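Residue numbering restarts at 1 for every chain, and letters A, B, ... go by the order of the sequence lines. Everything numeric in this text was worked out from a predicted model, so none of it was measured.
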Amino acid sequence: MSDIRVRFAPSPTGPLNIGGIRTALYDYLLAKKHGGTFILRIEDTDQKRFVEGAEDYVIDALHWLGIAPDEGPRAGGDYGPYRQSERKSTYGEYVQKLINSGHAYYAFDSHEELEGMRTRLERQGIQRAKYDASTRMDMRNSLSLPESEVKELLDSNASYTVRLKVTPGETISFVDEIRDKVSFSSDELDDKILLKTDGMPTYHMANIVDDYLMKISHVIRGEEWLSSTPHHILLYRALGLEDHIPKFAHLPLLLKPVGKGKLSKRDGAKFGFPVFPMEWNNPDGEVYEGFKEAGFLPEAIINFLAFLGWNPGTEQEIFTNAGLAEAFSLKQVSKGGARFDFDKAKWFNQQYIIHMNDAKLAELISQDVVDAGYDVSQEYLTKFCGLMKERAVTLKDFLSAGSFFFQKPEIIDEKTIRKKFKLENENHIQSIIETVFVIEDYTTQNIETAVKNYIGENELGFGAILPILRIGVSGTMKGPDLFSTMELIGKAEVDERLRSNLVRFKEIKLIQKENQADA
RNA sequence: GGCCCGUUCGUCUAGGGGUUAGGACGCCAGGUUUUCAUCCUGGUAGCACGGGUUCGAAUCCCGUACGGGCUACCA
């Protein structure tokens, strides 16, 4: 194990969407590239926003996608616990340290007082008033209040927060692995709350302490964190942990496929594709569709997501999980936001299905087959997958486009029958059905030879006969090689379908004739 | 409003002073196929705008526009 340790730190406030998955993927890829450790840490410091089941969802999704964490609440590890709510006691010491060294202070202001300050300053023309060096002495805190009063308040169990004391006039710079140097003026920074009245640390405090304690080497997170990074730098400095500052990489956001703004959870329903890895049943009863349920392969999603904002610098696009890890580099991550392109996702999935072995595919769709009420052997299913896979974009397409392998087709492509079927060929079709029926060894090759010989000998032309047979067997013009299809479906069933459908074709044709006569 | 980040075909992107600006998805056309799909070949389409630096700018600098993020006792 190298000392590269990368954490994915979601809040359990709902299902992890595809953007979160991408962040986790980049975390995973960077760790694996360097033989390091991928860590999952649950940032549940906001008890109000906690959603039951969200943590399990995150872990299950990462497992399904094949990017399971090496350390985390379920995986365990030497740096646990991995839920911040269970680490509450460890943060106090660091907060105290900041207070003692004068880098942080107690603030006793109520929500109303804070609100009052903001509206007061707004009336003076200040758009967004901050709690900072310019305002803190007008507020009720351990900097503005006499020491005795502070002690009194503390002793009387008055509720308080702890705020970071930001010194104005400084320039805070750091190197972002994706964007290079980024600078902020401390004048713009407010005195961030580090410890809430409920005794829980805020994200900023917990994050710094845990990253330090868990020996995190790289912080990869969404761009929305870029502007709070200077606060984090200040925190490391104040704690005397400047030598332990991890490398930062802020990822560009995932954007809606069309229109403005970042991809949101409701875009799935809006645009007709999943934005979550797996199905999620929201407590409010709303159901969010997942890629898994839509018939996507985890490898394909990973490959697709990896390329949304990153590229290997070569023209190779199809990568195994391990190949991605080897090729990955933060330097190749692009800076601009990427639109989510469902067409590209489907293309990746199709590629993965085509290249997957038939038995494996059979295994993946076997549950759907059972659910549809079909009962076939594993061998049959494997052959079926072999025939259908070039036509499938998702796993769902196997059954929707290949149902005639399991049951006699209900819907017949009548249009093609009207166009291709000639009543004068009826006897020929009849003869072909009989010719094929007497084949002893009912193989693709033998069926093909028999049919083609008959067509040749009677000078009929493939176009006049084969579409009729195809629709007779499968009901549709779309499908795998006709003779392979016949072999798999089997002689008796094929014979039955062809005989009964021939009758139906005649009816279709006669109705057509009548209509023409009327017109 | 302020601060910060960004902007190459419709989309994802390569390219970082001299390129016919490359690839992929999509779309279109052709070929292969009894059909559909796969596959193959070809086509379509782009450096946001304005200044500057330079012999030369997609590339460096400045500005503008546009997009995004942050501006909570949310993460």
Side-chain angles (χ1 to χ4, degrees), chain A residues 9-13 43-46 48-49 84 107 109-111 114 125-131 159-163 176 178-179 182-185 187-190 192-198 200-204 206-207 221-230 250 252-253 255 257-258 260-262 304 307-318 332 334-348 350-351 354 388-393 397 401 413 416 420 448 451-452 455 461-471 474 476-483:
Chain A
S11 287
T13 55
E43 310 229 326
D44 55 351
T45 51
D46 186 0
K48 293 185 292 294
R49 295 211 306 158
Q84 289 184 329
D109 316 277
S110 66
H111 288 279
L114 288 170
I126 297 169
Q127 278 279 341
R128 303 253 181 185
K130 291 194 298 290
Y131 203 119
S159 73
Y160 64 86
T161 62
V162 174
R163 285 180 180 269
D176 183 278
I178 295 168
R179 292 154 211 278
V182 181
S183 299
F184 289 84
S185 163
D187 296 357
E188 304 295 334
L189 272 34
D190 67 340
K192 275 262 174 299
I193 290 182
L194 304 176
L195 194 71
K196 301 186 266 190
T197 46
D198 65 1
M200 274 292 202
T202 56
Y203 170 86
H204 309 286
N207 207 255
R221 68 210 332 183
E223 197 180 355
E224 69 267 29
W225 294 109
L226 191 60
S227 4
S228 46
T229 305
H250 292 92
L253 266 18
L255 275 18
V258 292
K260 291 181 182 181
K262 63 176 181 180
F304 163 67
F307 273 77
L308 222 48
W310 169 85
N311 76 88
T314 66
E315 283 177 2
Q316 185 182 346
E317 285 205 286
I318 302 292
Q332 287 286 341
S334 44
K335 299 179 180 76
R339 277 185 200 280
F340 184 90
D341 180 9
F342 192 52
D343 279 327
K344 192 80 182 239
K346 286 194 289 192
W347 178 77
F348 271 109
Q350 183 179 40
Q351 292 299 309
I354 288 172
M388 287 301 294
K389 69 178 179 182
E390 278 174 8
R391 275 151 272 265
V393 172
D397 295 335
D413 178 356
T416 301
K420 297 280 188 182
E448 180 169 354
V451 172
K452 286 190 171 171
I455 292 172
F462 290 165
I465 302 301
L466 293 177
I468 311 305
L469 294 181
R470 172 176 292 281
I471 293 175
S474 67
T476 169
M477 282 303 288
K478 296 178 181 177
D481 172 67
L482 172 61
F483 308 110

Heavy-atom closest pair (A:V162 atom, A:Y160 atom, distance to 0.1 Å) is CG2-CE1, 3.9 Å
(request) Please measure how far the C1' atom in B:G67 lies from the corresponding atom in B:A37, and state the result in whole Å. (result) 39 Å
Determine, stepwise, if the pair A:K48 / A:D198 fulfils side-chain contact (heavy atoms from CB on, under 4.5 Å).
CA-CA 11 Å; A:K48 293 185 292 294; A:D198 65 1; 5.6 Å; no
Once base and sugar-phosphate atoms are separated, protein heavy atoms under 4.0 Å mark nucleotides 69-75 of chain B, 5' to 3', with B, S and - as BSB-BBB
TODO: Using the P atom as the reference point in each nucleotide, state the distance between B:A14 and B:A24 in Å, no decimals.
DONE: 15 Å
Nearest heavy-atom contact between A:F462 and A:P467 is O-CD, 3.5 Å
Every protein N/O lying under 3.5 Å from an N/O of nucleotides 21-23 of chain B:
{"unit_1": "B:G22", "atom_1": "O2'", "unit_2": "A:E315", "atom_2": "OE2", "d": "3.2"}
{"unit_1": "B:G23", "atom_1": "O4'", "unit_2": "A:E315", "atom_2": "OE2", "d": "3.2"}

Taking every heavy atom of A:S227 against every heavy atom of A:F184, the minimum-distance pair comes out as CA-CZ, 3.8 Å
| field | Same-atom distance (C1') from B:C60 to B:U53, integer angstrom | value | 8 Å
Rounded to whole Å, NE2 of A:H250 lies from C1' of B:G68 at a distance of 15 Å
- Distance between the P atoms of B:A45 and B:C28, in whole angstroms? 16 Å
Nearest heavy-atom contact between A:H250 and A:L226 is ND1-CD1, 3.3 Å
If pairing means Watson-Crick or G-U wobble with both distances under 3.5 Å, then the partner of B:U33 is none
So CG of A:D397 and NZ of A:K389: to nearest 0.5 Å the spacing works out to 15.0 Å
### Message
Taking the C1' atom in each of B:C27 and B:G46, what is the distance between them to the nearest angstrom?
### Response
16 Å
Sorted by position of nearest nucleotide on RNA chain B, 5' first, the leading residue of A:D341 and A:K335 is A:K335
Atom CZ of A:R179 and atom C1' of B:U7 are separated, to the nearest Å, by 12 Å
Residues at least two apart in sequence or cross-chain that pass ring pair (Phe, Tyr, Trp, His ring centres under 6.0 Å) with A:F342, listed by chain then number, are A:F273, A:F296
How far does the C1' atom of B:C4 sit from the matching atom of B:U59, given to the nearest Å? 24 Å
Any strand, both distances under 3.5 Å, Watson-Crick or G-U wobble: B:C70 pairs with B:G2
note: A:L255, atom CG; B:U7, atom P; distance rounded to Å ~ 13 Å
Taking only nitrogen or oxygen atoms into account, show me every contact under 3.5 Å that the protein makes with nucleotides 46-50 of chain B, one pair per line with its distance.
none

Distance col, row A:R163:CZ vs A:L195:CG, nearest 0.5 angstrom, shows 12.0 Å
Whole-Å distance, A:K346 NZ to B:U11 P, equals 18 Å
Taken to the nearest whole Å, CZ/A:F342 to P/B:C25 is 17 Å
When rounded to the nearest 0.5 Å, the distance separating CD1 of A:I471 from CE of A:M477 is 5.5 Å
Between CZ of A:F307 and P of B:U13 the distance, given in whole Å, is 11 Å
In Watson-Crick or G-U wobble terms, with both distances under 3.5 Å, the base opposite B:A75 is none
A:N311 atom CG is separated from B:C12 atom P, nearest whole Å, by 13 Å
When rounded to the nearest 0.5 Å, the distance separating CG of A:D46 from CD of A:Q84 is 11.5 Å
Separation of B:C12 atom C1' from A:F340 atom CZ, nearest Å, is 12 Å
Requested in this report: Quick one: label A:G313 by what it contacts on the DNA or RNA (base, sugar-phosphate, nothing), any heavy atom closer than 4.0 Å.
Outcome: nothing
Please verify the inter-ring angle class for A:F307 with A:F348; under 30° counts as parallel, over 60° as perpendicular, anything in between as tilted.
tilted
- Message: Before you tell me yes or no, could you show the steps for A:E223 and A:K262 under salt bridge (charged side-chain N to carboxylate O under 4.0 Å, His left out), namely the whole-Å CA-CA distance, both residues' side-chain angles and the distance that decides it to 0.1 Å?
- Response: CA-CA 11 Å; A:E223 197 180 355; A:K262 63 176 181 180; over 6 Å; no
* Say whether, by atom type as modelled, one donor and one acceptor occur between the side chain of A:T202 and the main chain of A:I193 under 3.5 angstrom. => yes
Give every pair of a protein N or O atom and an N or O atom of nucleotides 57-62 of chain B that lie under 3.5 Å apart, one pair per line with the distance.
none

A:K196 side chain to A:T45 backbone, donor-acceptor under 3.5 Å | yes
Re B:U64: Watson-Crick or G-U wobble partner, both distances kept under 3.5 Å, found to be B:A48
| If you measure from the P atom in B:G18 to the same atom in B:U13, how many Å do you get, rounded? | 23 Å
Interatomic distance, NZ@A:K452 vs CD1@A:I465, rounded to 0.5 Å, equals 13.5 Å
Separation between NZ (A:K192) and NZ (A:K130), nearest 0.5 Å, reads 10.0 Å
| message | Donor-acceptor pair, distance only, cut-off 3.5 Å: does the side chain of A:S11 make one with the backbone of A:E43? | response | yes
In Watson-Crick or G-U wobble terms, with both distances under 3.5 Å, the base opposite B:U20 is none
For nucleotides 33-41 of chain B, 5' to 3', base contacts (B), sugar-phosphate-only contacts (S) and non-contacts (-) with protein non-hydrogen atoms under 4.0 Å give -BBBBSS--
task = Indicate yes or no for a side-chain donor-acceptor contact from A:E390 to the backbone of A:A392 under 3.5 Å, with no hydrogens or angles considered.
result = no
#### Entry: B:G23 to B:G69 separation - C1' atoms, rounded to the nearest Å
31 Å
Scanning all shown strands, the Watson-Crick or wobble mate of B:G10 with both distances under 3.5 Å is B:C25
